[in-house]
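Just the heavy atoms: all of them, side chains too, but no hydrogens, waters or symmetry mates, feed the values below. Every chain is numbered from 1 and lettered A, B, ... according to where its sequence line falls, protein lines coming before strand lines.
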2 protein chains.
Amino acid sequence: MEEKEISQAVIGRLPRYLRYLGELKDEGIERVSSQELSDIMQTTASQIRQDLNTFGGFGQQGYGYNVGYLYDEIRKILGLDREHRLIIVGAGHLGQALVNYTNFERRGFLFRGIFDCDPGICGKMIHGIEVRPMEEMDGFVRENDIDIAVLTIPKTSAVEVAKKLADCGIKGIWNFAHVDLPVPKQIQVENVHLSDSLMKLSYNLSSSQAEGAAGGKVDGNGQNR
Amino acid sequence: MEEKEISQAVIGRLPRYLRYLGELKDEGIERVSSQELSDIMQTTASQIRQDLNTFGGFGQQGYGYNVGYLYDEIRKILGLDREHRLIIVGAGHLGQALVNYTNFERRGFLFRGIFDCDPGICGKMIHGIEVRPMEEMDGFVRENDIDIAVLTIPKTSAVEVAKKLADCGIKGIWNFAHVDLPVPKQIQVENVHLSDSLMKLSYNLSSSQAEGAAGGKVDGNGQNR
DNA sequence: AAATTCTTGTCAATCAATTGACACAGGCCG
DNA sequence: CGGCCTGTGTCAATTGATTGACAAGAATTT
């Protein structure tokens with residue numbers, strides 16, 4: 001019954017496939033070949049076929065892939081066919097911004113609670129959800145069957161809160177605090193280290209300028225992953 | 001004069017090294033070996049030495065690395081020894097959250113302007129900066145020597161704005177919009193696709209549960225990159 | 001219905017990243 | 001000051017990811 005450990009590199013590309021398939025679907029396009037898709041997405045057809053085949057044969061020879069079907073399959077693979085219940089810990093600017101961003105809800109990520117240690121903000125309503133004091137977090141997570149905690153608190157308190165969350169059986173943590181969280185391995189942590197991201201950009205700025213000055217080549221179309 | 005193209009995998013680890021070195025520095029620790037650092041950071045000593053040697057020999061045999069010196073060198077490599085001038089495009093919740101996050105300033109990333117297409121919000125002050133109408137963006141970027149534009153606008157307008165930014169000579173874009181930006185290659189784009197990140201977490205939740213049910217092994221310490 | 005074209009799934013080859021091993025430089029102790 | 005020990009820098013081996021090639025299945029055309 002041992003699944004053969006799928007690489008995070010592949011997983012990381014699935015949301016992007018989903019996005020482009022969604023766009024094709026919206027345009028009313030019903031079928032697409034790996035070649036066409038790779039042209040649009042600026043990648044190789046081989047990689048698309050290889051990636052998809054990690055999970056099963058979704059295509060048909062001589063035809064390609066059915067856009068709607070493939071879209072649904074990737075949704076299922078990513079676990080977007082079920083609802084997730086989230087809490088936000090840290091009702092600062094970032095926490096509030098995330099609660100207010102409705103696209104997450106549309107994908108089945110439902111914010112059920114917001115917690116903050118500042119009594120001044122507790123009781124306030126954000127996007128229809130009341131901010132509660134930290135002391136109530138434990139009980140709330142247990143009683144409301146919360147899957148994911150979003151950590152938008154300073155690094156100083158993040159480790160402590162993560163431990164508390166681990167104890168009350170959280171399954172995943174979406175971590176915006178600038179620390180690595182030492183939690184048991186059965187808890188999944190996805191880090192969003194914004195300053196790391198900005199530093200990478202800073203490096204690439206410097207290095208591209210140095211290279212440009214030395215006569216590096218430049219072409220016409222941006223790409224990313 | 002051709003530098004040998006440093007991999008993004010290495011670049012992506014530098015901010016994390018910087019973070020741990022900063023902590024050591026704050027604790028007053030002056031020297032560290034790759035072995036000690038790898039123990040703390042949960043990686044291999046070999047990788048640390050390999051990564052650092054990409055940029056030069058910062059250590060000394062029989063001694064290790066001088067924490068302060070290495071910290072400064074990595075700062076320089078990442079381009080954090082100079083100031084960057086930023087604008088935010090999109091004064092929504094996320095844009096405001098980023099402006100209010102003072103740690104970026106501390107690192108030399110200075111927000112100089114905020115732009116929004118909604119006349120209702122223009123003129124409002126956020127963290128001491130006035131929100132300006134989109135029409136003024138071009139001129140502002142040119143006159144104030146702006147390096148980086150932060151895109152916190154909906155995907156629908158992101159491509160158009162990115163093109164405009166490219167035309168007025170922006171060097172880098174920190175893109176929070178959920179699209180791939182087709183800009184010339186000399187412009188560096190760093191994407192922060194939050195929903196992609198959340199989907200990855202969702203996948204890992206499902207897969208770890210499946211694996212756990214099948215008797216997967218679990219150990220005691222979380223890790224990430 | 002046969003021929004042709006298209007396009008997948010998969011295997012092999014290449015390319016990139018990580019880990020392991022070790023010679024040797026330099027610190028440290030007696 | 002000499003010998004021992006530590007720990008880097010680097011090269012080689014391994015592991016992992018991406019790309020290329022092609023046989024075979026299915027659609028489409030004639």
- Task: Ignoring backbone atoms, establish whether Gln50(A) has a side-chain N or O less than 4.0 Å from OP1 or OP2 of dT19(D).
- Result: no
- Euclidean distance, atom CD1 of residue Ile48(A) to atom P of dT18(D) [Å, nearest integer]: 13 Å
- Query: Whole Å only: how far is the CD atom of Glu36(A) from the C1' atom of dT7(C)?
  - Reply: 10 Å
- Roughly, in whole Å, what's the span from CG in Asp51(B) to C1' in dT18(C)? 10 Å
- Taking C-beta and beyond as the side chain, do Ile6(A) and Tyr203(B) meet within less than 4.5 Å on heavy atoms? yes
- Message: Less than 4.0 angstrom between a side-chain N/O of Gln47(B) and OP1 or OP2 of dT18(C), yes or no?
- Response: yes
- Message: Looking at Ser34(B), I'd like to know whether one of its side-chain N or O atoms comes within less than 4.0 Å of OP1 or OP2 on dT8(D).
- Response: yes
- Whole Å only: how far is the OH atom of Tyr63(A) from the P atom of dT5(C)? 21 Å
- Thr44(B) or Gly56(A): which one's nearest nucleotide on DNA chain C is closer to the 5' end? Gly56(A)
- Item | Ring-face cation contact, Tyr65(A) with Arg31(A), 6.0 Å cut, 45° max | no
- Message: Any salt bridge linking Arg85(B) with Asp145(B)? Criterion: basic side-chain nitrogen under 4.0 Å from a carboxylate oxygen.
- Response: yes
- Task: Give a yes/no on whether any side-chain N or O of Arg31(A) is located under 4.0 angstrom from OP1 or OP2 of dT28(D).
- Result: yes
- Does OP1 or OP2 of dA17(C) have a side-chain N or O of Ser7(B) closer than 4.0 Å? yes
- Below 3.5 Å, does any donor atom in the side chain of Gln61(A) face an acceptor in the base of dT8(C), or the other way round? yes
- Check the distance between dT8(C)'s C1' and Leu70(A)'s CG and give it to me in whole angstrom. 13 Å
- Query: Within less than 4.0 Å of OP1 or OP2 of dT6(D), is there a side-chain N or O belonging to Tyr65(B)?
  - Reply: no
- Would you please confirm or rule out a distance under 4.0 Å between OP1 or OP2 of dT8(C) and any side-chain N or O of Arg49(A)? yes
- Message: At 4.0 Å (heavy atoms only), tell me whether Ser46(B) reaches a base, stays on the sugar-phosphate, or touches nothing.
- Response: base
- Task: Can you tell me the distance, in whole Å, between the CD atom of Gln35(A) and the P atom of dG9(C)?
- Result: 15 Å
- Item | Of the listed nucleotides dG7(D), dT18(C), dT7(C), the one nearest the side chain of Ser33(B) | dG7(D)
- Query: Among side-chain atoms of Asn204(B) and Gln8(A), is any donor-acceptor pair under 3.5 angstrom?
  - Reply: yes
- Write down the distance between CZ (Phe58(B)) and P (dG9(D)), rounded to a whole number of angstrom. 9 Å
- Item | Separation of dT8(C) C1' from Leu52(A) CG (nearest whole Å) | 11 Å
- Query: Hey, which of these two, Gly62(A) or Val10(A), hits DNA chain D nearer its 5' end, going by closest nucleotide?
  - Reply: Val10(A)
- How about Gln96(B) and Asn100(B): does a side-chain donor come under 3.5 Å of a side-chain acceptor? no
